[in-house]
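Just so it is clear: chains get the letters A, B, ... in the order the sequence lines come, proteins before strands, and each one is counted from 1. The structure displayed is predicted, hence computed values, not measured ones.
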Amino acid sequence: MTTEVGSAIQVNEESKGTEPDDSEASNPDKTSNGNEEAEKEIQEDEQPESTTQPLKEQEFNSSISDASTQSTPSSSDKKDPTGGKGLFRFLPGWLKKPKSMSQVETTEEKEAEEDIQTKDRNSEDEQPELMKSTSENEVVKGMETEESKTDEIVEQYSLNSAELQTDKAKKPEESLEKDADMDNEEVVLDEKKDENSKDGEVWKDEDASKKSPLKIPKKIKFMQSKVFMLDGSEFTYEIEKHAKGQIMLDKVCEQINLLEKDYFGLTFRDATGEKNWLDPAKEIKKQIRSCAWHFNFNVKFYPPDPSQLTEDITRYYLCLQLRQDIVSGRLPCSFVTHALLGSCALQAELGDYDANEHKAGYVTELQFSPNQTKELEEKISELHKTHRGLTPAQADAQFLENAKMLSMYGVDLHHAKDSEGVDIMLGVCANGLLIYKDRLRINRFAWPKILKISYKRSNFYIKIRPGEIEQFESTIGFKLPNHRAAKRLWKVCVEHHTFFRLLSPEQTPKSKFMTLGSKFRYSGRTQAQTREASILIDRPAPFFERTSSKRMSRSLDGVPAGGINEVGLQQESSCLSSTADGVKTEADALAIKDITTSLKASQLEMPVETKDRDKTQEDLLKHQASISELKRSFMESTSETRPNEWENRLTKPLLLQTEGTSDENQKSEMEEQAEVIVEEAIVIEEVKSAPGHSKVKLESPVENSSIVPPVELAAKESNVSSSDSRSDSEEEAEYHPQTKEGENVKRDQNECKTLTTVAMDSEISVTDIEEVHFPVTVVHKMQDVLEEDLQEMQNGKLQEAKQEHEDINPKLNGDVSFIDSDAMPEVVCYAEPPVVKTEMVTISDTVSPDKTEIATKEVPIVQTETKTITYEAAQGDGSGDNDPGVLMSAQTITSESFCQTMTTQITKTVKGGVSETRIEKRIVITGDTDIDHDQALAQAIKEAKEQHPDMSVTRVVVHKETELTEDGDE
Amino acid sequence: MAGAGVYSHALVRGIPESLAGGALRRSGEGSGVDTARAREEHRLYVKALRVQLGLVVTELPADEALPDCVFVEDAAVVCGGTALIARPGAPSRRGEVTAIKKVLSDLGLKIVEMTDETATLDGGDILFTGKEFFVGLSERTNQRGAEILANVFKDYAVSKVSVSGALHLKSFCTMAGPELIAIGSSDQAQKTLMNMQEMSEHRYEKLTLPDDMAANCVYLNIPTKGHVLLHRTAEEFPDSAKEFGKLKDYLLIPVCNTELAKVDGGLTCCSILFNKAV
C-alpha cells in the first residue's frame, strides 16, 4: 500500500513540475502530512527509483482490472457509446420527458475529436519513461527540502549534485521528521500573507497545530544560480533558496550597473523547454521547480522609443538584446536593414573604420544575421565606413532608431490556432495584440480595443470593445498548444498592458471567495513610472565595457544561450513551415501525458487505502465498481465539505491537461461547470451561516488522521486561503485591460459560459441527488461577483418560500434578471417520479444568448442554453440551512465515463447530537441527441436509491445546458 | 527604410491594339476604348514622370498578346531594392510578368518570384504607406499571396484588408502624402480605411474624395519639387479636383485617364515607381 501512497505523492509532485506557477496551491502539500503514514510515503518516495517505478506501474495496471471501475482511457472510448446506451435501456419510462428537453445537437466535430483523443492517448501510454525521470527529480527535490531544516546558515554549496548526495545520505534520520516540507510551506505562507494576510494566517494556525515537535530548526540554504548575460558572459550568484525573483534580478542589475531595470527580466526554461519569465514577486524555486537555476537576462519590455531611455548603458543592453533577436531570427529584417544594423553595431563595438586595423573579412568575426553571407558582410563593411565619427553611444542610438521601426520590434510571438484550427501567431507588443498568419498581419487589437483578456485551460480569449465596424462586443478565442502556453500568453498580455498602458500597476484583485483563476498582475513599475524614476537618475554615465559580439555569437552557440537561439529559430521557421511548431507541441503533450498516467494511478489506489473507513464509502465503492466503465478519481477530505470541492476542482486541471483532445475537453469543461456551481453553493452557504461555518473550518479534523493525499492537501489549503490557491490556478483567469472590472459582469458570465461550450456538441444535465438538502439552487456559473451570490441566495429562499410545483413558470425562479425573454425555457413536463418526492421545481434559464454576445465571424461561438430544474423534497428545508452542524467527515468521489461524469460527495455532520450523512451526487452527462437524459436521470436516481436504501432523496437538481442551433448564432 | 513617394525610377509599358477588345473589365461591356486617345493620355502621363519630375523612365513596348500589359503596376511590387514579381489573379495576365521581371532585374533590383501556385497577387492591391504595407484581399489577390509578400518585405508590417466593390485596394485608396491617405467616399472605401487604421500602429491623415476613382492618384516626393501629386483632371472629377486643390505646398499635375479608366485602369496602374538609390 505504501507504494501506492508514494506514487500518489509523486503524482502530485509531477503535477507541480509541469505547472510552474501552481506552486502556492500544491507545494505545501506534504507539510500537513502530520501522520505516520505520511512518513512512510516519504520513505517510499525515496526508495531507489528502480524499485518504485515498476511497482507503480503494476499497481496502475492491477487497479484497473481489480476495481474495474476505471477503464483505461482508450477502452472507455471504445466501450462507452454502447455502454451508455445499454444503461439507458434499463431506465424506467416514467421519467421520460418531452424530447425537446433532451434534444441535443450532434455535430461531426465530435467524432473527429474523439479520434484525435484516442491517438493522443496512445501516445500517452508510450510515455512511462518520461514520467519516471520526472518523479525521480521530484524525489530529489523533496530531500533537499528536508535538509533545509537546520537553522544555521549553511555555507554555500558548490555543486548541486554534491548537495543531492548529502541529502541522500541524511535521508534515514530525516525520515523521522514528519514534515518534509514544513519549512518550505512557511515560506509559502509568508508570501501569501503579503498578498492576502488573512487567508495566510488561517492556514498557518491550522498548520501550527500540526507541527511536529520533532521538527528541527532549519538552516538557510543557498542555491547556485547562473545568469547568462546578453553579451555572452555568465554570472554566478548564490541565492537564498527561497528568495523571490526580484532578488536575483536586482543582483544582476547591480552587477552590470543598470538602473533602468524595469525593462528587463530573467527568463528560464521549464521542464518542457519553454521560455518563461521569472516572476519577480514570487519565489524563484517555486517557479523553476526542479530545473537548473539557469537564467537568461533579457529585455522584457521593449521601449517603443529607445531615445527616451535615460542612460546609454540601458540602450546598450537593449542593443545587445536586439542583436540577439536578429541573430536568432526572432526579429526578422531585410538585407538592407541587416546591413545597416550590423554596421551600427560594428561602429559601436570597433569604432571608426580603420583600413589598417580592419582587414578584409573583419566583419566575418562578428555575427549579425542568422545566415550571414559574404554579400551582407561586404555591405556592412561598406556602411561601417559611413559611420565615421560616431561614438559608441551614438552608434547604439542609431542602431535603435532603425531597429525600433521594424515591424516585429518588441513583439512577443506565441503559437496558437484560430477557431478553425489554422496555425497563427499571437504577438504581444506595447500597443496591443497582433495576430499573424505566417508573417501576414491578419488582425490587430490595440489595448483600448480589448475589454477583457482571459484564458481557460489551453484557450485564450479576448473580448473586444464594440467599434465602428462591429457594433457589438465580441469575444475571440484562440487555442494555444497547452494550458501553460495559454497562461504564459495571458500573463505576458497582462504585463504588457500594465507596463505600457497604465500609469501605475493595478492592484491585485481583492480576494473574494468567488474569484476564479489566476490573480496574477504585473506588480513592477510601469513605463510611466520607470521614466519618471529615471529622470531622477543623477550619476555620471557609468563606464561599461562593450563586449565583442564575437563573444556573443559564441555564447549563442553554446548550450544555455543557444537555447534561446533555438527557440527563436524555431519560431521563425515555424512561421514558414509548421513542422517546428508541431514538434514543440508534441513535446508538451508528452510531458503532460505522464502526469495523467500517474495521476490516474493514484486515484485508483486511493480507495483501497480508505477501505476500512466509512461504511458509506464502502457502499459507494461497491457502487462504483458496479459501474464498470466509469473512470474514477477518489479523494477524501480532512476537514470539511468545501475543501473537498476544492480538491475536486484542483485535481481536475491535472486531468484536463492530459486530455489533449477536444472531446475530452468538452467533457472536462462540463465538469468544471458543474464544479463551479458547487462553488457557488459553498459561498452562499457561507454567507448564510457564517459563524458556524468558520468554526468548522478552523477546527482540526478529527477523523482524518490517517492518510492525507498531497493533492488533496493542496486543495484544502487552497480553500483555506482561497484566493491564493486559485491565484495560480492553471485553469483560467481573466483580466480586464480597461480596469472596469465591475462592468457587465453578468454578461461576462454568460459569455464565459458560452465560450466554455465552444465547439461542444452538446451538454446536458447535471443531476443532483441530495440526501440532505442544500439550501440553494445554484443556477449560474460564477466568475467573481458577490452580488450574484446574494441573488442566488435570494433565489434559493424564494424557492423555499414558493414551494412551486412541477410545471412551473420560469419567472418563479426568483431570478428574473437572468431570464432572457428571447429564449423562454421550455416547460418541462414529466410524470411525478415514484421514487422522488417532488415538492418544487424551478426552471431557470440562465445562459440564454445575449444578443450582444455574438462573436465575430472569426470565431463561431456555439451558444448554449442552460436550464436548472430543482426537485426538492419538503422535509429538509429550513433545518439545514442555518446550522450546518459540526462537520465530521467529508469526501468526494469523482467518476467519469465517456458521456457521464459523476461526483459523489459524502458529508457527515453532527448537529445537536444527531449524526447526519449527506450524499450529494453530481452527474454530468454529455451526449448527443440519441441519449435519453430523462432515462439517465431516472437511472441515476434509481441507483442512488439502491445504494442507499436507508436514505431518502431530498433534492434533485437538473441543470441542463444545450447547444443552440445555428440561428442563435447569427 | 524607404520613405513614401521617394522614387527615382519608373517602369511603364505601351498600350497594345488588343486592349480595346481584349482587356479585362469588371462591369460588362461599358463604352469602347479609343485606343488612340488612350495612347495620347498615356503619353502625357509618361511625359509628366519623365520630363516634369525627372524620373528615369523605362518604357517597355506593348505586347499584343497581353491586352492588359499597360497596367504594369500589377506585375511587381518594388520596395527597398527588392522586387517581388507578382502572380496576377487573372490567368490571362500572368504572361505580363516575364518582361517586367527581366527589366527590373536589369535595373539591378533583387528579384523574388512567387513560386506558390496557389498564391495570387496583383500589385494594385498593395499599398505601401512608407511605414507599412496593406494588402487588399480582392478578386485578384488572395491570402497566400499576401503571406508571401509579408515574407519578402520583412522590415515592414504587412496587414491584410478586405476589398469588395472594387477591383483593387488602390482603386479607391492610395497615398497622397507621407502620412496622408487619399480615400474615396463610398461606404466600402471608408470601411476599408477604418479597417486599415485598426490594423496599423501608425496614424494617417485622410484626404476624402467625393469620387472613389479619383482617390487613385500618384504621390511622389521629388527632391527638387517636394510633394507632387498626379491626379485625375477637373474635367473628369470636378468635385474631387477641388479637394486636391486644397492641398498646400503640392505640385499638382492633373492627368487625364478617361480611356484606360473604362477598363478599370487608374493612374497608379500604369507605372511601377521605385527608388534605386537605396
Side-chain angles (χ1 to χ4, degrees), chain A residues 304 326 329-341 369-370 375 379 383 401-411 422-425 427 429-450 464-465 467-470 572-573 575-577 857, chain B residues 1-3 78-84 109-110 112 116 119 121 125-126 128-137 141-162 187-188 190-203 275-278:
Chain A
I326 290 167
R330 249 173 307 174
L331 181 58
C333 56
S334 66
F335 175 84
V336 177
T337 308
H338 258 132
L340 181 58
L341 295 177
S369 160
E375 191 193 2
K379 189 79 182 166
L383 290 169
E401 284 310 292
N402 286 290
K404 77 171 188 193
M405 290 199 284
L406 293 169
S407 78
M408 299 308 283
Y409 171 82
V411 178
V422 177
D423 283 311
I424 54 166
M425 301 284 271
C429 67
N431 295 322
L433 197 58
L434 304 164
I435 320 292
Y436 292 94
K437 170 79 179 69
D438 276 13
R439 290 213 54 248
L440 176 67
R441 187 183 290 180
I442 54 174
N443 224 332
R444 172 178 179 268
F445 303 100
W447 293 127
K449 277 285 284 178
I450 301 177
I464 306 302
R465 182 187 293 278
E468 287 168 290
I469 297 171
E470 307 90 22
E572 170 72 354
S573 65
C575 282
L576 303 168
S577 69
K857 287 170 219 141
Chain B
M1 304 243 173
V78 183
C79 180
T82 299
L84 171 66
L109 294 168
K110 185 186 161 209
V112 180
D116 192 328
L121 183 133
D125 279 315
I126 315 304
F128 179 63
T129 70
K131 290 174 174 157
E132 63 190 315
F133 284 95
F134 290 103
V135 184
L137 298 194
T141 301
N142 65 17
Q143 174 144 327
R144 187 69 200 121
E147 285 167 19
I148 291 170
L149 181 94
N151 259 322
V152 171
F153 300 105
K154 289 195 170 71
D155 289 355
Y156 300 100
V158 178
S159 306
K160 68 159 194 182
V161 288
S162 317
D187 286 351
Q188 200 54 54
Q190 291 293 320
K191 204 179 156 193
T192 305
L193 183 67
M194 256 189 266
N195 193 358
M196 285 162 58
Q197 288 283 19
E198 286 193 346
M199 294 288 273
S200 172
E201 253 115 64
H202 306 286
R203 291 295 100 192
N275 190 21
K276 247 211 80 189
V278 176

Structural part of B/Q190 lying under 4.5 Å from a heavy atom of chain A:
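Nothing of B/Q190, per the 4.5 Å heavy-atom cut-off to chain A.
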Using non-hydrogen atoms and a 4.5 Å limit, figure out which bit of B/S200 sits close to chain A: side chain, backbone, both or neither.
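The backbone, not the side chain.
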Once you round to the nearest 0.5 Å, how far does [atom1] of [X] lie from [atom2] of [Y]?
| X | Y | atom1 | atom2 | value |
| --- | --- | --- | --- | --- |
| B/M199 | A/L434 | CE | CG | 9.0 Å |
| A/K437 | B/K160 | NZ | NZ | 10.0 Å |
| B/K154 | A/T337 | NZ | OG1 | 11.0 Å |
| A/D438 | B/R144 | CG | CZ | 5.5 Å |
| A/S407 | B/K131 | OG | NZ | 14.5 Å |
| B/E198 | A/K449 | CD | NZ | 4.5 Å |

Where is the tightest heavy-atom contact between B/V158 and A/L440, given as atom of each residue plus distance?
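Reported closest heavy-atom pair: O-CD1, 3.3 Å.
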Residues which pass ring pair (Phe, Tyr, Trp, His ring centres under 6.0 Å) with B/F133, listed by chain and number, not counting sequence neighbours
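Partners of B/F133 under the ring pair (Phe, Tyr, Trp, His ring centres under 6.0 Å) test: B/F128, B/F153, B/Y156.
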Run the ring pair (Phe, Tyr, Trp, His ring centres under 6.0 Å) test against A/Y409 and tell me which residues pass, sequence neighbours left out.
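Per chain and number, A/Y409 pairs via ring pair (Phe, Tyr, Trp, His ring centres under 6.0 Å) with A/Y302.
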Heavy-atom neighbours of B/K110 NZ exceed 12 at 6.0 Å:
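Counting neighbours around NZ of B/K110, 12 or fewer heavy atoms of other residues, nucleotides or ligands fall under 6.0 Å, so no.
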Side chain of A/R439, backbone of B/A150: donor and acceptor closer than 3.5 Å?
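Yes, A/R439 side chain to B/A150 backbone: donor-acceptor pair under 3.5 Å.
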